[in-house]
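Naming convention: chains lettered A, B, ... in sequence-line order (proteins, then strands); numbering from 1 in each chain.
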There are 2 protein chains.
Amino acid sequence: MIKCVKCGEVDAIAKSGIVRGKQRYYCGKCDYYFTLSSEQPLTINHKRHPATILDIARELQISKSTVSRALHGHSDINEQTRKAVLETARRMEYQPNLLAYGLAKNKSMTVGIIVPEFINSFFPFIIIGAQEVANPAGYHVLICQSNESYPTEVANTNVLLSSRVDGLLVSLTGETPNIDHFKKFERAGIPVVYFNRVCKDTNVSQVIVDDYDGAFKGVVHLIENGCRRIAHIAGPPNLQISQNRLKGYLDALAQHGIEKDDSLIVSYDLNPQQATLCAKQLFDLPTPPDGLFAVNDPAAIAAMLVAKERGIKIPEELAVVGFSNEPTSALIEPGLTTLAQPMGDIGRTAIKMLFDQIESEDHETIEPETRVLKTTLIVRGSSLKHK
Amino acid sequence: MIKCVKCGEVDAIAKSGIVRGKQRYYCGKCDYYFTLSSEQPLTINHKRHPATILDIARELQISKSTVSRALHGHSDINEQTRKAVLETARRMEYQPNLLAYGLAKNKSMTVGIIVPEFINSFFPFIIIGAQEVANPAGYHVLICQSNESYPTEVANTNVLLSSRVDGLLVSLTGETPNIDHFKKFERAGIPVVYFNRVCKDTNVSQVIVDDYDGAFKGVVHLIENGCRRIAHIAGPPNLQISQNRLKGYLDALAQHGIEKDDSLIVSYDLNPQQATLCAKQLFDLPTPPDGLFAVNDPAAIAAMLVAKERGIKIPEELAVVGFSNEPTSALIEPGLTTLAQPMGDIGRTAIKMLFDQIESEDHETIEPETRVLKTTLIVRGSSLKHK
DNA sequence: CACACTATTGCAAACCATTGCAGGGTTGTA
DNA sequence: TACAACCCTGCAATGGTTTGCAATAGTGTG
C-alpha cells in the first residue's frame, strides 16, 4: 500500500492524477500531494567526478572562497594555507572547470577562428601563428571550417556565439555575399578581426596583404619575361583579394601598354575542380595565353597540371605565377613562381589585434584598423623563359 | 560625514581598519562593521549581454523553466506557449549559453582531438572526417596541436580536461614515451580513442591501418621492380606504426631471400629536416640503395628532393615508395608510389567509436576495441623501373 | 458539487567558480 | 586601555541552464 510521505498514513491516500508519467497521490489527512520518488533507489552515481574546489575545501576543512583565492595567488591568503591548497589540488588532480569559470567571469578564454578550409597549408600556417600567441595567453582556439559554404559559415557563427567565444577571427568563403551574420558579434560586444579574405565593408578590423601590389609585381615579372598574352584566373568577385589582385593585374598590363583581353580573364570559385576547368577554357582559346597569373597557388598548380597533360611547355610556352607560396609550390616541377604571404605573421597579427580589443574595457571605442602586410615575389622555374 | 549604513547614525562611527584598500568603519551604536560601497554609483554596465532564457521569460511573463522546456520541445508544453517562446527567442537572437548548459548537464558537447601537426594534409583530412560526424550530432571539436612535442601533448591534455571535453581523439607524438597522461581521462570517465599513432598499450580503443600489410605490399612492389638494396627510413621506435612498418619491410625482404642490412635502416624522428639528413646518410653509403621505402610521404618526398639535387635518377637508380598518399604525392615528379590510407574513414570511424562510448551509460563496461582499416598501394612513376 | 484526472506552469536546487563584503583574530601604538 | 590597522577566512550572491517536484487551472464525470 501507499504510505503518505508526511504522516505515514495509509488510509487517507487517494490517487490524484498522473504527472509526467508518474502516479500522483494525495493524503487527505495532511492535505499533501506527492509522487513517489524515482523507482531506482537513487544509487548516487559513483562515477568519480573530477575534483572541484569544494572537494579541496572539504578535504582541508576550509571554505571554497579560500581555495579559490589560494589557487589564484590572490593577496590576503596565508602562505601556509596557499601551500596546502596547492598541494591538495595537485594530489587530487584538480583541473579548474572552464565552463564554471566562464560562467562566473563571463569569459570563456576561447577565441573562435573560421577558415574556409584547412587542406591546403595556407590556413593551417595562419592558425598556428594565431595559436602561438593565444595559447601562452591562456586562450584556446576553436577552429571552424566553413568549407567554402556560406550557410556553413553562418552555422559556424551560431556555434561560436553559443560557445561564448571572447573574440573571433574570420576569413570569408568565396560565396559570402555580406557580413551581416557577423553583426551579431558586434551587438554582443564580441570583437571580430577579419583576415586574408575580407569584404568591402571598411568599418572592421582586418589583416590583409597588399594584394594589389603583389599582383602587380607578379604580372610585371611575367611581362619582363616576355609574356604578352597574360591570362588571369581570378577569384570570386565578392572578395577583396579577388578585386585587388585583378586590379593589380590590369594596372600592370596597362602600364606596359598591353591591351586588356576579357577572354583571358576567367573566374574561379575556389573549388579545386573548377580551377582545372578554367585552365582548360584558357588553353582552348584560339590564341592561347603565353603567361598566367592565378589568384592563388592551388589554381596555378591545377593549371600547370592541365598544361603538362596537354604537352604545353612551362615556362617556354606558358609562364605561370601563383599567389601565397604554399609548400607544394616548391615541390612541383618546375617550381612555381609565386607571391609569398607571411602566413604566420598574418595569424599572429590578427590575434594580437583581437586581444587588444578584448582587453580594452570598452570595445566600442576601438577604432577599426586595417593592417597591411607585404608580399614577396619568389621566383622559381615556372616563369623564367630566358634563364 | 560618514553615516552608518544600518542606523544612519553619524556620531557612533569609528574607523576600523582598511580592507582591501578600502576604509572600513564601525558603528558603535548598532555594532556593525561596513565599508562604503564602490565609489562609482554602480551604473549598471549597459553592454547588451546576449539574451538568456530569463530575458525571454520576462518578456513573456512566464518562468524560465517553461522557456527551457519550450525550447527543447519537451512534452507538457502548450503549443501556443511554445510558439511564442520560439518566436521571441528568434526575435531576441537567443543563443543558448553552452557554458551554462555544460555546467548544468555535465556535458560540454565538445570532443577534443590532439594531433601532432596539421601542416601536412594527412591529419586535416582525418579531422574533417571526424567533424563530418561530430557536427551533425551537435558536437564541436577542439583541435590541439602537440607539435610533435611530448610536453605540449601533456599540456594539451590538461587544457582539454579543463574544458571538460566529453571525449578525446589522440594521435601521439613521435616522442611520447607512454600514455600515462591519458589515464586522467580514464579516471574522470572520459573515453579516449587513439588513432593512427598509437602506443603498445593494448587496453585502449584505437583505429589504425594495417601498417604491416601496407609496408609488406610496398616493399614487395619494390622487389618486383628489381630493387635489391632497399633502404628504409623508419619512424620513431615508440610508435606502433614504426614498428609494424619496419616489420613489414623486414618480412618482405626475408620472404624474397634478401639479407637485411642494418646500414640501410635509418631512423627518423618525423622532423622534416631530419628526413633530409636520413636521405643523405643513405645516399652517402659505399653501396647506396636502389630502392627506398619511407615510413611516410613527407620523408619519401624529402628523399626524392635530395636525390634530384644529387642527380640520382628516380626511378631508374632509386625507386621510392612512401606511405599515406598525401595530395602532394601526386604532384611531385615523378609521382610518388605510396600506400593510401583512408583518412576520412579513420576520422569517421574513430569518432563513431568515441560516441559509442560517450553514449553508453557506463563507460567502464565498454570493451576496448581495435579497428584496423586497409591500405591501398597507389603505383606512380617513382617506383616503375621497367615500364 | 465533489472528485478524479489532465495539461500546463512555476519553484528551487544543482552544476562550479568568482568575488564583494562581513567579521573574526592579532599586532602595534598612543 | 583604547583604538587603528592588518591579515585572513567565510558567507552568500552571481552567472545561465536543466529538471524533479509542487502546484495551479481546467476538464470531465457521477
What is the distance, rounded to the nearest whole Å, between atom [atom1] of [X] and atom [atom2] of [N]?
{"X": "A/Lys64", "N": "C/dT18", "atom1": "NZ", "atom2": "C1'", "result": "9 Å"}
{"X": "A/Lys107", "N": "D/dG16", "atom1": "NZ", "atom2": "P", "result": "17 Å"}
{"X": "B/Asn78", "N": "C/dT6", "atom1": "CG", "atom2": "C1'", "result": "13 Å"}
{"X": "A/Ile62", "N": "D/dC7", "atom1": "CD1", "atom2": "P", "result": "19 Å"}
{"X": "B/Arg69", "N": "D/dT19", "atom1": "CZ", "atom2": "P", "result": "10 Å"}
{"X": "A/Met109", "N": "C/dA17", "atom1": "CE", "atom2": "P", "result": "16 Å"}
{"X": "A/Ile53", "N": "C/dC15", "atom1": "CD1", "atom2": "C1'", "result": "12 Å"}
{"X": "B/Asn106", "N": "C/dC15", "atom1": "CG", "atom2": "P", "result": "10 Å"}

Please determine if a side-chain N or O atom of [X] lies less than 4.0 Å away from the OP1 or OP2 oxygen of [N].
{"X": "A/Thr66", "N": "D/dT9", "answer": "no"}
{"X": "B/Ser65", "N": "C/dT9", "answer": "no"}
{"X": "B/Lys105", "N": "D/dT19", "answer": "yes"}
{"X": "B/Ser68", "N": "D/dT19", "answer": "no"}
{"X": "A/Tyr94", "N": "C/dA17", "answer": "yes"}

Exercise. Taking the nucleotide of DNA chain C with the closest heavy atom to each, which residue, B/Ala104 or B/Arg82, is nearer the 5' end?
Worked result: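 The residue whose closest nucleotide sits nearer the 5' end is B/Arg82.
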Exercise. Just one of A/Asp55, A/Val85, A/Leu71 clears the side chain to side chain contact (heavy atoms under 4.5 Å, CB included) bar with A/Tyr94, so which one?
Worked result: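 Considering A/Asp55, A/Val85, A/Leu71, a side chain to side chain contact (heavy atoms under 4.5 Å, CB included) with A/Tyr94 is found only for A/Leu71.
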For this session: Fit a plane to each ring of A/His72 and A/Tyr101, take the angle between them on a 0 to 90° scale, and name the class: parallel (under 30°), tilted (30 to 60°) or perpendicular (over 60°).
Result: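 If you compare the ring of A/His72 with that of A/Tyr101, the planes turn out parallel.
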Problem set entry | Touch class at under 4.0 angstrom, heavy-atom based, for A/Leu99 against every strand present |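 If one applies the 4.0 Å heavy-atom cut-off, A/Leu99 turns out to touch nothing in the nucleic acid.
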What heavy-atom pair brings [X] and [Y] nearest, and what distance separates the two atoms?
{"X": "B/Lys184", "Y": "B/His181", "result": "CE-O, 3.0 Å"}
{"X": "A/Met353", "Y": "A/Ser205", "result": "CE-CB, 3.9 Å"}
{"X": "B/Pro136", "Y": "B/Gln131", "result": "CD-O, 3.7 Å"}

For this session: Could you check which of D/dG16, C/dT8, D/dC11 has an atom nearest any side-chain atom of A/Leu103?
Result: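 Of the options given, the side chain of A/Leu103 lies nearest D/dG16.
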Exercise. Which nucleotide in the list C/dT9, D/dG15, D/dC8 gets nearest to the side chain of A/Thr81?
Worked result: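 Output: D/dC8.
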Problem set entry | Side-chain-base donor-acceptor pair under 3.5 Å for A/Arg164 and D/dG16 |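 Between D/dG16 and A/Arg164, which were checked side chain against base, a qualifying N/O pair under 3.5 Å is absent.
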Short question: side chain of [X], backbone of [Y] - any donor-acceptor pair under 3.5 Å?
{"X": "B/Ser108", "Y": "B/Gly102", "result": "no"}
{"X": "A/Thr88", "Y": "A/Ala84", "result": "yes"}
{"X": "A/Asp166", "Y": "A/Met109", "result": "yes"}

Seminar exercise, completed: For DNA chain C, the expected dot-bracket line (Watson-Crick or G-U under 3.5 Å, [ ] crossing, | inter-strand) is ||||||||||||||||||||||||||||||
